[in-house]
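This report concerns only the one structure given below.
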Amino acid sequence: MAFDPPVRVRFAPSPTGRLHVGGLRTALYNYLFARKHEGDVVLRIEDTDQTRSVRGAEDDIRDALSWVGLDCDEGPDQGGEYAPYRQSERTEHYREYAQTLIEAGRAYYAFDTEGELEEMREGNRAYDGSTRRQMRNSLTLSDAEVDRLVDAGDYVVRLKVPRQESARFDDVVRGSVSFDTSEIDDQVLLKSDGMPTYHLANIVDDHLMDISHVIRGEEWLSSTPKHVLMYDALGWEPPTFAHLPLILSPDSDRGGKLSKRDANELGIPVYVTDYREAGYEPAALLNFLALLGWSPGTEEELFSLDEMVDAFSLDRVGASGVQFDLDKLRWVNEHYIRDLSVEELAEKARPYVEDEGYEVSDERLHTICELVQDRIQVVPEVVTDNRYFFEDPKGYEEAGVEKRWTDESADLLLAYADRLEDIDTFDTDAVETKLRTLADEENVGAGAVIHPARLAVSGRSYGPGVFGLLAAVGKEACIRRMHRAAEELG
RNA sequence: GCCGCGUUCGUCUAGCCUGGUCUAGGACGCCGGCCUUUCACGCCGGUAACACGGGUUCAAAUCCCGUACGCGGUACCA
């Protein structure tokens, strides 16, 4: 469905740090909406704060987006007819419109020092219609003085917010939102270093780039009336706004936006590229994120990117904050892992296996992956959850021993180990046959051997089917581990 | 503090706009069972919610008002 004025959305991160999952979700929703309506996605880098800019951040953003496969139509890399796409390279535009605003009487120069501003704030006043007359600006100083100060170059431009008006706008997810302008202060538009603030740059670029829909986080909701005032002052039509619910920390006691600290303390990655390191499937991350704040209205939960594009609609986006749920992400990821071919899984798992210092042949890794594929949730668990494939167990799971190890276990295990010696082709069928005949001859249930064998070889009471497990661990190791378990567990 | 936004199972949500079909549906998690003389997958079942108080109405999760709570904003940060 294409819109009349063509849909153009922008994802506008600031390179003050690596791309956050919340940022990725914003990018996703923009992407889904644009693709759904056959529109364009613009990547715009909002680097107007030179002091907070972090080297490498832009590369990380690029990396993250390309890893998950959200491709933009225009941006610093691919260019486009609205270039440049870095705000630091567009300063002349901002200066031009700041000037227009001043000439229209909708903005003014201000020369207050930091000390003067501080003093005002201590008096609990805001720089607004009620105080601007007491400050040092082009509204209170003589023209000659203003010219002199402007020439000296040390000034800012502030928006002249009208008193006692209502600034209202429609938000796709929240409906009509309105603010009384007396609550809004005279926001700085152009900083003393010549750079624009977010507010100015944002509306100038959105207008110049023909952005039709502004889809961004709720933290921007309160600054939107300022933007609406500026659109009005410049005689521009504002875009359609959609403010997305914030992603909150899953720790309800802590509350607030999901932060870097939560990441470390709750084991949740916050940066997109950390999800890559942690072995999540990019498609799964996207799928999970889509569901965090949006609902298709059906009972489907698993979507490919294309399916999401199809099902997406902004008016099915919720308005309340959502807690990040790592368990749910893992569940989604689990499904994507099952959809992988064994070869793909093995290929993805290899680096994690090698990082742990283990060596393994392609053939054996393939066998291991086959065994564990439907019981892991993230790729690295091929090794972290199944170390016994690579080294002898360092101990035995206590609960398992308690439940499964009996007085006769050691003898049965030793007998089984003996019979394993006779096997030439040590495969799943062979170890199973040996075990079942032993159980028959000893007149015990197969479980009487199965459980101790699993415990001895893997150190645990759960895992892949035992016979496949034993075969994959190999003859020598199995026999060695059984002897050791018989000794240690008696 | 002030302003704005929000509030359905522990969590993500459907339902709310267009009151009755909601003894509130699904999913994650958790618990139990089946399958497997093993583990998991799978399947089946269970657990658990309309923040509170007033209205309006024959009827309210759904509409209105208030309160509480949560979140966001309140910078020459984005």
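Worth knowing before you read on, the calculation uses all heavy atoms, side chains too, and leaves out hydrogens, waters and symmetry mates. So that the names make sense, note that chain A is the first sequence line, chain B the second, and so on, each numbered from 1.
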Validation row: A:Phe288, A:Tyr275 side chains within 4.5 angstrom (heavy atoms):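 The answer is no, as the side chains (C-beta and beyond) never meet within the 4.5 Å cut-off.
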Does [X] reach a base, just sugar-phosphate, or nothing at all? Heavy atoms under 4.0 Å.
X: A:Arg454; answer: base
X: A:Ser192; answer: base
X: A:Gly463; answer: base
X: A:Gly293; answer: sugar-phosphate
X: A:Arg436; answer: base
X: A:Thr51; answer: nothing
X: A:Asp112; answer: base
X: A:Val322; answer: sugar-phosphate
X: A:Arg404; answer: sugar-phosphate

Give me the distance, rounded to whole Å, that separates [N] from [M] when you measure between the [atom1] atoms they each carry.
N: B:rU21; M: B:rA61; atom1: C1'; value: 15 Å
N: B:rC28; M: B:rC41; atom1: P; value: 12 Å
N: B:rC9; M: B:rG25; atom1: C1'; value: 12 Å
N: B:rG72; M: B:rA78; atom1: C1'; value: 14 Å
N: B:rC58; M: B:rC50; atom1: C1'; value: 22 Å
N: B:rG6; M: B:rG66; atom1: P; value: 14 Å
N: B:rU8; M: B:rU62; atom1: P; value: 13 Å
N: B:rA48; M: B:rG26; atom1: C1'; value: 14 Å

Could you work out which one of [options] sits closest to the side chain of [X]?
X: A:Thr48; options: B:rU74, B:rA78, B:rA40; value: B:rA78
X: A:Leu292; options: B:rC76, B:rC12, B:rG6; value: B:rC12
X: A:Asp440; options: B:rU37, B:rA75, B:rA78; value: B:rU37
X: A:His199; options: B:rC28, B:rG6, B:rA78; value: B:rA78
X: A:Leu117; options: B:rC76, B:rG25, B:rG6; value: B:rC76
X: A:Glu301; options: B:rA78, B:rA27, B:rU37; value: B:rA27
X: A:Arg121; options: B:rC76, B:rC41, B:rG6; value: B:rC76
X: A:Val177; options: B:rC28, B:rC3, B:rG4; value: B:rG4

Over 60° means perpendicular and under 30° means parallel, so classify the ring planes of [Y] and [X], tilted if in between.
X: A:His20; Y: A:Tyr271; answer: perpendicular
X: A:Phe241; Y: A:His243; answer: parallel
X: A:Tyr198; Y: A:His227; answer: tilted

Listed once per pair and sorted, the side-chain hydrogen bond (donor to acceptor under 3.5 Å, both in side chains) pairs that draw on residues 312-322 of chain A, sequence neighbours left out: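 side-chain hydrogen bond (donor to acceptor under 3.5 Å, both in side chains) check on residues 312-322 of chain A returns A:Ser313-A:Asp315.
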Pairwise side-chain hydrogen bond (donor to acceptor under 3.5 Å, both in side chains) hits with a residue in residues 442-460 of chain A, at least two apart: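 Found A:Arg404-A:His451.
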Side-chain N,O ([X]) to OP1/OP2 ([N]) below 4.0 Å:
X: A:Lys328; N: B:rU13; answer: no
X: A:Ser14; N: B:rC77; answer: no
X: A:Lys191; N: B:rA78; answer: yes
X: A:Arg168; N: B:rG4; answer: no

Spacing of [X] atom [atom1] relative to [N] atom [atom2], expressed in whole Å:
X: A:Glu300; N: B:rC12; atom1: CD; atom2: P; answer: 22 Å
X: A:His227; N: B:rA78; atom1: NE2; atom2: C1'; answer: 10 Å
X: A:Leu244; N: B:rC5; atom1: CG; atom2: P; answer: 17 Å
X: A:Asn287; N: B:rC12; atom1: CG; atom2: C1'; answer: 13 Å
X: A:Ile184; N: B:rA75; atom1: CD1; atom2: C1'; answer: 16 Å
X: A:Glu118; N: B:rC76; atom1: CD; atom2: P; answer: 11 Å
X: A:Trp331; N: B:rC41; atom1: CH2; atom2: C1'; answer: 14 Å
X: A:Asp180; N: B:rU74; atom1: CG; atom2: P; answer: 18 Å

Nucleic acid footprint by protein, nucleotides 62-72 of chain B - heavy-atom cut-off 4.0 Å, B for base, S for sugar-phosphate alone: ---------SB
Please give the nucleotide sitting opposite [N] as a Watson-Crick or G-U wobble pair, both distances under 3.5 Å, or none.
N: B:rC76; result: none
N: B:rC58; result: B:rG20
N: B:rA27; result: B:rU11
N: B:rC35; result: none
N: B:rA51; result: B:rU67

Check against salt bridge (charged side-chain N to carboxylate O under 4.0 Å, His left out), A:Glu218 and A:Lys257: CA-CA 11 Å; A:Glu218 193 189 345; A:Lys257 285 196 272 191; over 6 Å; no
Side chains of A:Asn137 and A:Tyr127, donor plus acceptor under 3.5 Å: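 Note: A:Asn137 and A:Tyr127 side chains meet the donor-acceptor criterion.
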A:Asn202 side, atom CG; A:Lys226 side, atom NZ - distance, nearest 0.5 Å: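 The NZ atom of A:Lys226 is 11.5 Å from CG of A:Asn202, to the nearest 0.5 Å.
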Validation row, ring centre A:Tyr29 to ring centre A:Trp294 under 6.0 Å: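 No - the distance between ring centres of A:Tyr29 and A:Trp294 does not fall below the 6.0 Å cut-off.
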Base of B:rC77 paired with side chain of A:Arg52 (donor-acceptor, under 3.5 Å):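 Donor-acceptor pair under 3.5 Å: yes.
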More than 12 heavy atoms of other groups within 6.0 Å of A:Asp151 CG: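 Atom CG in A:Asp151 is packed in, count exceeds 12.
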SB check A:Asp186 A:Arg132 (cutoff 4.0 Å):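 Result for this pair is yes, salt bridge flagged.
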RNA chain B: 5'-proximal contact among A:Arg316 and A:Ser176 (nearest heavy atom):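 Comparing both residues, the 5'-ward one is A:Ser176.
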Residue met sooner reading RNA chain B from 5', once A:Asp186 and A:Ser178 are mapped to nucleotides: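 Per heavy-atom nearest nucleotide, the more 5' residue is A:Ser178.
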